Amino acid sequence: DVNTPALQTTLGRLTLPNPIMVASGTFGYAREMQRIVDLHRLGGILPKTITAEPRIGNAPWRTVETSAGLLNAIGLDNDGVDAFLEHHLPYLAKLSAPIVVSVAGRTVEDFTELARRVGQCEGVAAIELNLSCPNVSGGIDFGTNAESCQRVVASAREATEVPILAKLTPNVTSIAEIARGAAEGGADAVCLTNTVLGIAVDWRKQRPILGNGMGGLSGPAIKPIALRCVHQVRQSVDIPIIGIGGIANLDDVMQFLVTGASAVQIGTANYYDPTLSMRLIDELPSALAEIGATRVSDIVGTLKTS
Ligand code: ORO
């Protein structure tokens, strides 16, 4: 049984059956994956970020492969909160996996209203505030300033009883400062990190390849950056962390846990290895045993730095 206490992990008011979650934007609304992934077993499911209104997203190209990575500029293409609550959430709420709903807005009021509406629905385990999408103007500002991060988190937190997670951008001078803002705003956890800002160029056309110009880099190429962000936040802020960024195998999961993440989200790997999360859950106990641990909680943040 994968839902043993040994794999359980707790982040503030949120307890997950195991630390293997799937990242927003890489798993659709989850139903698309039901034939290949046993959704019930996941530690958490994050459907694509929803906004107040439906969005068609950016013009093509919206993705480009890079060395050990993927550059995207989707532009928060999504069905909007009304359709999400009516058509997607009822399906998701029946799964035994915790459902964490990712939301984004342009203003504090947008985030607050989305948190309020989503938070009153049955079957929502937590809300992830996407303060870090690199591909729409407006939203990213909250994740690049500690004070605005604190303000939006506090306001969303006030609007609902449901745990609040803040997903931050690595494209800042001091991730720890922003995480401190999230902690002071009352976030239950921070999610580290969203994608790294990048660009791909078609030199023959002398143009950027992505329709939106710049995009967000994900995949194994960014793992050391995400791991460094987890490390920096763990060293200086007292808040649970969910690690995200290039996780592609069990070693990666263990590195994030030891560095200080209480759970991880699998993102880009879902595109080329959609059943990876299942294998990670199966194999996690053996990796714990290798370093003499029986529970996930035994190893979180055990990195020796001296
Ligand atoms: N892309 C990302 O890399 N991160 C997000 O949060 C959202 C998008 C997108 O929709 O473009």
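Note that ligands are numbered from 1 as they come in the structure, with each ligand's atoms numbered from 1 the same way. Owing to the predicted nature of the structure, the values given are computational and were not obtained by experimental measurement.
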Heavy-atom pair of closest approach, residues Tyr29 and Asp79
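Answer, listing the atom of Tyr29 first, then Asp79: OH-N, 3.0 Å.
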
Can you tell me which portion of Lys48 lies within the under-4.0 Å heavy-atom range of ligand 1? Options are side chain, backbone, both, or neither.
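Answer for Lys48: side chain.
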
For ligand 1, indicate whether the residue Thr195 contacts it via side chain, backbone, both or neither (heavy-atom separation under 4.0 Å).
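It is the side chain that touches ligand 1; the backbone stays farther off.
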
Protein residue, atom and distance nearest to [atom], heavy-atom basis:
| atom | result |
| --- | --- |
| atom 8 (C) of ligand 1 | Cys133 SG, 3.5 Å |
| atom 4 (N) of ligand 1 | Asn194 OD1, 2.8 Å |
| atom 1 (N) of ligand 1 | Asn72 OD1, 2.9 Å |

Ignoring angles and geometry beyond distance, decide whether Ile74 reaches within less than 3.5 Å of ligand 1 through its nitrogen or oxygen atoms.
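In this structure, Ile74 places an N or O atom under 3.5 Å from an N or O of ligand 1.
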
Look only at interatomic distance and state if Gly75 has a nitrogen or oxygen under 3.5 Å from any nitrogen or oxygen of ligand 1.
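There is such a contact, yes.
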
Using a strict cut-off of less than 4.0 Å between a Lys/Arg side-chain nitrogen and an Asp/Glu carboxylate oxygen, indicate whether Glu177 and Arg180 qualify as a salt bridge.
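Salt bridge absent between Glu177 and Arg180.
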
Numbered atoms of ligand 1 (with element) below 4.0 Å of Asn130, judged on heavy atoms:
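Listed by number with element: 5 (C), 6 (O).
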
Less than 4.5 Å apart, any side-chain heavy atom of Val103 and any of Phe111?
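Heavy-atom side-chain distance check passes, below 4.5 Å.
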
Residue among Gln235, Arg234, Arg228 satisfying side-chain hydrogen bond (donor to acceptor under 3.5 Å, both in side chains) with Gln232
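In the set Gln235, Arg234, Arg228, the residue that makes a side-chain hydrogen bond (donor to acceptor under 3.5 Å, both in side chains) with Gln232 is Arg228.
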
Applying a strict 4.0 Å limit to heavy atoms, is Gly25 in contact with ligand 1?
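Checking ligand 1 against Gly25, which is what was asked, there is no heavy-atom contact under 4.0 Å.
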
Apply the test side chain to side chain contact (heavy atoms under 4.5 Å, CB included) to residues Val296 and Asn18: give CA-CA distance (whole Å), side-chain angles for both, the deciding distance (0.1 Å), then the verdict.
CA-CA 8 Å; Val296 166; Asn18 69 69; over 6 Å; no

Option from Asp202, Ile209, Leu217 for which side chain to side chain contact (heavy atoms under 4.5 Å, CB included) with Val64 holds:
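By the side chain to side chain contact (heavy atoms under 4.5 Å, CB included) criterion, Val64 pairs with just one of Asp202, Ile209, Leu217: Ile209.
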
Can you tell me how far CG of Leu114 sits from OG of Ser102, rounded to the nearest 0.5 angstrom?
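So the OG of Ser102 and the CG of Leu114 are separated by 10.0 Å.
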
